[in-house]
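Read through the structure below, which is laid out as structure tokens, and then see the notes.
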Amino acid sequence: MNATARSTTTVAADAVETTAAGLAAEISTWFGENARDLPWRRAGFSAWGTLVSEFMLQQTPVNRVIPRLAEWLERWPTPGDLASVPPGEAVRAWASLGYPRRALWLHAAAVEITERHGGVVPHDVDDLLALTGIGDYTARAVAAFAYGHRHPVVDTNTRRVIARAVAGQAEPAPPSRRRDLEAMSQLLPEETVAAAVFNAAIMELGAVVCTSRSPRCEACPIRDACAWRAAGYPEYAGPKKAVQKKFEGSDRQVRGLIMAELRATHHPVTAAEIESLWPDAVQRDRALAGLLADGLAVCVDTGMYALSQG
DNA sequence: AATCCGGGGGT
DNA sequence: ACCCCAGGATT
């Protein structure tokens, strides 16, 4: 059952109206009064800034992104500025945001924007999707937030809010591009500006109120319309998410140690220095080989490694 | 559809 | 200890 299907129910005057339009209006009003003051919400924030922020926010929490974003935009205020430096500089400046190939991909996207789009971040979702490292979420987020275009934007927060408020389930089903966009389209206001606001508003609600664990339902603007609440907060019955392997002792940890060493120095790192980072030679070699294959590290001489020079 | 890919903070 | 985080690419 979706919000539209429940819309025939007459509700008390002070209750949240449970039409799609009513839900969107309530969430957007709440957002207007409770939105966090984030850099990418400042007036005049550039489309390039939005794109950089969205890359950084791919699996890295807001609070860790903010300081790096400021550094990046001061150093590389346009795509052309980033495109003009070696990719290794982007990887170094990425610091410990995690998943450093995002830095490589962001650099590649900057080059593509410079070469194919005259240095202007494209408006068109398909043009954005064609850029390295930009997928379904980021393409729509840039089009909607940087340029105000009307597109459904679906991130993990949005998926969770819809799963609860509309579908009455504790957690969203595994991501499905078509289903997720369809569900969000049902809620998205027709009017362009209202749509852009709502895209941000529902994400914010999921980020600060309708959180994955310990949701703050008492502070939720649509608690009276929430299907999950109405159903008595049933537990999630769908397929279990795969338990991610523990970080300690993983290849990812070893890759991270090597990358930290490469970032820390401005001269090539020797094989001996890399050896000192991890005792297991097989795993160490596998990690280094992976970094070389990914282009995150390069072999500048026999047994000498560095960040990508260009 | 499943796996891989960092790192840090909340519970 | 375990979970989660404004995901995307690859197989």
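All values derive from a computational prediction rather than experimental measurement. Order of the sequence lines sets the chain letters (A, B, ...), proteins ahead of strands, with each chain counted from 1.
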Below 4.0 angstrom from OP1 or OP2 of C:dC4, is there any side-chain N or O of A:T211? no

Measure CG/A:L51 against P/C:dG7 and give the value in whole Å, please. 15 Å

Result for 5'-nearest mapping on DNA chain C, choosing between A:G133 and A:F145, is A:F145

Any salt bridge linking A:R286 with A:D251? Criterion: basic side-chain nitrogen under 4.0 Å from a carboxylate oxygen. yes

How far, in whole Å, is B:dG6 from C:dC3 if one measures between their C1' atoms? 15 Å

Under 30°, 30 to 60°, or over 60°: which ring-plane class applies to A:W94 and A:W72, parallel, tilted or perpendicular? perpendicular

Per-nucleotide pairing state of DNA chain B [Watson-Crick or G-U, under 3.5 Å; [ ] pseudoknot-crossing; | other strand]: |||||.|||||

Specify the separation, in whole Å, of atom CH2 of A:W105 and atom C1' of C:dG7. 9 Å

Taking CG from A:L128 and C1' from C:dG8, how many angstroms apart are they, rounded to a whole number? 15 Å

With a non-hydrogen cut-off below 4.0 angstrom, is A:R41 in contact with a base, only sugar-phosphate, or nothing? base

When rounded to whole Å, the CD1 to C1' distance for the pair A:I134 and C:dG7 reads 12 Å

Give one of base, sugar-phosphate or nothing for A:T158, where a contact means two heavy atoms less than 4.0 Å apart. nothing

Determine, stepwise, if the pair A:R177 / A:Y137 fulfils side-chain hydrogen bond (donor to acceptor under 3.5 Å, both in side chains). CA-CA 9 Å; A:R177 175 185 177 284; A:Y137 163 75; over 6 Å; no

For the P atoms, the ones on C:dA6 and on B:dT11, what distance do you get once it is rounded to whole angstrom? 13 Å

With the threshold set at 4.0 Å, does a side-chain nitrogen-carboxylate oxygen contact exist between A:E204 and A:R36? yes

Does any donor atom in the side chain of A:E273 or A:T270 lie under 3.5 Å from an acceptor atom in the other side chain? yes

Rounded off to whole Å, could you give me the NZ-to-P distance for the A:K246 and C:dA1 pair? 8 Å

Worked check of side-chain hydrogen bond (donor to acceptor under 3.5 Å, both in side chains) between A:E261 and A:Y305: CA-CA 10 Å; A:E261 186 67 23; A:Y305 302 95; over 6 Å; no

For A:L104 and C:dG8, what is the distance between atoms CG and P respectively, to the nearest whole Å? 17 Å

For A:Q58 and A:E54, does a side-chain donor sit closer than 3.5 Å to a side-chain acceptor? no

Could you check how far CZ of A:R36 sits from P of C:dC5, rounded to whole Å? 13 Å

Please state the P separation for the pair B:dG8 and C:dG8 - nearest whole angstrom. 23 Å

So do A:W76 and A:V52 actually touch side chain to side chain, heavy atoms under 4.5 Å? no

NA contact type, A:R160, heavy-atom cut-off 4.0 Å: base, sugar-phosphate, or nothing? sugar-phosphate

Contact string for nucleotides 1-11 of chain B, one letter per nucleotide 5' to 3', B = base within protein heavy-atom range under 4.0 Å, S = sugar-phosphate only, - = neither, reads ---BBBBS-B-

Take atom P in C:dA1 and the same atom in B:dC5, then report the distance between them in whole Å. 23 Å

Under 4.0 Å between a side-chain nitrogen and a carboxylate oxygen: does that hold for A:D294 and A:R255? yes

CZ of A:R159 versus P of C:dG8: gap in Å, rounded? 12 Å

Strictly under 6.0 Å, is that where the ring centroids of A:W228 and A:Y233 end up? yes

